[in-house]
Amino acid sequence: MLNEIVEPLLMWFRANARVLPWREDKAAYRIWVSEIMLQQTRVEAVKPFFERFTKALPDVHALAVCEEDKLLKLWEGLGYYNRVRNMQIAAKTIVEEFDGQLPADYEALLSLKGIGNYTAGAVASIAYNIPVPAVDGNVLRVISRVLASEEDIMKQSVRKKMEEDIKAIMPKDCPGDFNQALMELGATVCVPNGMAKCDICPLASICKAKALDIVMELPKKTKQKPRRIEEKTVLVIKDGDKAAIRKRPKKGLLAGLYELPNLEGHLTADEVLEYIKERQLAPIRIRQLRESKHIFSHVEWRMTGYVIQVEELENAKDTGMLFVEPWKTQEEYPIPAAFGAYADYLQIKLGQEKYEV
DNA sequence: AAGTCGGGGGC
DNA sequence: GCCCCAGACTT
């Protein structure tokens with residue numbers, strides 16, 4: 001039965017646990033921050049962000065009162081930016097309703113913005129030793145294989161049953177270690193891509209998938225739909241030492257971050273100049289930049305770009321554009337990685353000789 | 001239940 | 001190119 005995994009798993013974890021920044025000091029706040037960052041994000045990617053974030057915002061109160069641009073800047077490049085927005089909303093709730101302390105209660109944690117089933121279980125078990133499961137993608141894979149379950153792990157019903165099965169075998173004295181052990185095994189041995197390392201797995205003798213030689217067929221999962229493709233033209237508009245950026249809408253993709261001005265479709269230089277002139281920004285030079293691509297979860301941007309030198313006139317139309325010094329875009333304004341190929345040009349001077357308008 | 005929301009690394 | 005990642009929220 002499934003309870004056979006408990007002892008070998010804990011033994012293995014105690015000998016093989018990775019040294020991670022959020023394992024040094026188990027303050028609930030730090031566990032919470034790490035778990036939010038780790039949503040759909042690998043350990044190696046999170047490490048540097050975690051160090052920087054917790055240094056800048058060391059406690060719940062600091063997070064609750066942080067200015068939005070600074071907050072997003074700390075998250076810049078990590079993705080899924082609603083995570084940090086929701087975390088700040090939760091921080092304000094914690095200050096107001098829980099006296100600044102994360103509640104040591106699964107249901108109370110679950111009620112906080114951005115904390116779902118998994119994260120509530122992780123914080124409760126790791127920070128407060130509450131015996132509740134924390135079922136993430138690793139756990140779904142490990143348990144599916146141990147049981148040789150061919151159920152589709154994308155189905156809510158399957159995940160719910162998985163939580164119940166695990167709750168039934170949770171060791172009451174060390175629920176945090178047990179949950180982490182399952183995830184750690186999934187991340188380092190029963191891996192998500194590539195061959196499972198069954199030769200070093202502490203559960204190899206128990207694993208039904210291994211016995212049936214179907215380890216690599218599991219878990220079963222419905223595949224995601226193909227992403228849609230969007231074409232864009234990205235503009236690096238320069239006025240002297242400054243360059244144009246603008247703030248994105250409060251909702252939707254990359255909400256609230258800053259971007260380079262951009263247009264729908266792949267435009268010619270003439271079409272771009274028309275756009276510039278309509279906004280009373282007198283163009284002096286223009287040069288086309290290379291194409292680039294950025295892949296999000298559900299959409300793919302195929303971009304081309306232009307760098308345009310302009311003279312910003314007094315009567316320039318309100319374009320929502322903000323002309324700022326390039327170093328400020330690096331230090332203060334959060335700009336998503338999608339614009340990376342063109343953001344480089346913010347600080348490069350245009351050649352004088354060619355591309356006169 | 002399906003769609004939205006980032007970015008990166010493995011193969 | 002495809003898959004997945006210590007998922008949660010909205011519709």
Quick check on A:Lys47: does its NZ atom have over 12 non-hydrogen neighbours (other residues, nucleotides or ligands) under 6.0 Å away?
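Yes - once you tally the heavy atoms of other residues, nucleotides and ligands closer than 6.0 Å, there are more than 12.
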Hey, is CG on A:Asp199 packed in by over 12 heavy atoms from elsewhere, all under 6.0 Å?
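Yes.
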For a quick check of understanding: with a heavy-atom distance under 4.0 Å over all strands, which category does [X] fall into, base, sugar-phosphate or nothing?
X: A:Arg23; value: base
X: A:Asn179; value: nothing
X: A:Asn138; value: base
X: A:Ile36; value: nothing
X: A:Ser34; value: nothing
X: A:Gly186; value: nothing
X: A:Ile153; value: nothing
X: A:Phe296; value: sugar-phosphate

Kindly state whether the ring of A:Phe296 and the ring of A:His298 have centres lying under 6.0 angstrom apart.
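Aromatic pair excluded; centres sit 6.0 Å or further apart.
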Identify which nucleotide among [options] has an atom closest to any side-chain atom of [X], counting heavy atoms from C-beta outward.
X: A:Lys225; options: B:dG8, C:dC4, B:dG3; answer: B:dG3
X: A:Lys113; options: C:dC3, C:dT10, C:dA6; answer: C:dT10
X: A:Trp22; options: C:dA6, C:dG7, B:dG6; answer: C:dA6

5' precedence on DNA chain B between A:Ala337 and A:Lys155 (nearest-nucleotide basis)
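Looking at the nearest nucleotide for each, A:Lys155 comes out on the 5' side.
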Please tell me which of A:Gly194 and A:Arg42 maps to the more 5' nucleotide of DNA chain B, matching each residue to the nucleotide holding its nearest heavy atom.
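First, find each residue's nearest nucleotide; the 5'-ward one identifies A:Arg42.
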Report the residue (A:Leu110 or A:Glu184) whose heavy-atom-nearest nucleotide on DNA chain C is the more 5′ of the two.
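Looking at DNA chain C, the more 5' nearest nucleotide goes with A:Glu184.
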DNA chain C: 5'-proximal contact among A:Asp136 and A:Lys293 (nearest heavy atom)
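Of the two residues, A:Lys293 wins.
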Strand partner of B:dG6, provided both Watson-Crick or wobble distances fall under 3.5 Å
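No nucleotide pairs with B:dG6.
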Would A:Glu35 and A:Tyr118 count as having a side-chain donor-acceptor pair, cut-off 3.5 Å?
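Per modelled atom types, A:Glu35 and A:Tyr118 side chains form a pair under 3.5 Å.
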Counting only distance, no hydrogens or angles, is the base of C:dA6 paired donor-acceptor with the side chain of A:Arg18 under 3.5 Å?
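Such a pair is found, so the answer is yes.
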Once hydrogens and angles are ignored, does a donor-acceptor distance under 3.5 Å link the base of B:dG6 to the side chain of A:Ser297?
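Donor-acceptor pair under 3.5 Å: yes.
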Evaluate side-chain contact (heavy atoms from CB on, under 4.5 Å) for A:Asp136 paired with A:Gln39, printing each intermediate quantity in order.
CA-CA 9 Å; A:Asp136 72 335; A:Gln39 289 169 5; over 6 Å; no
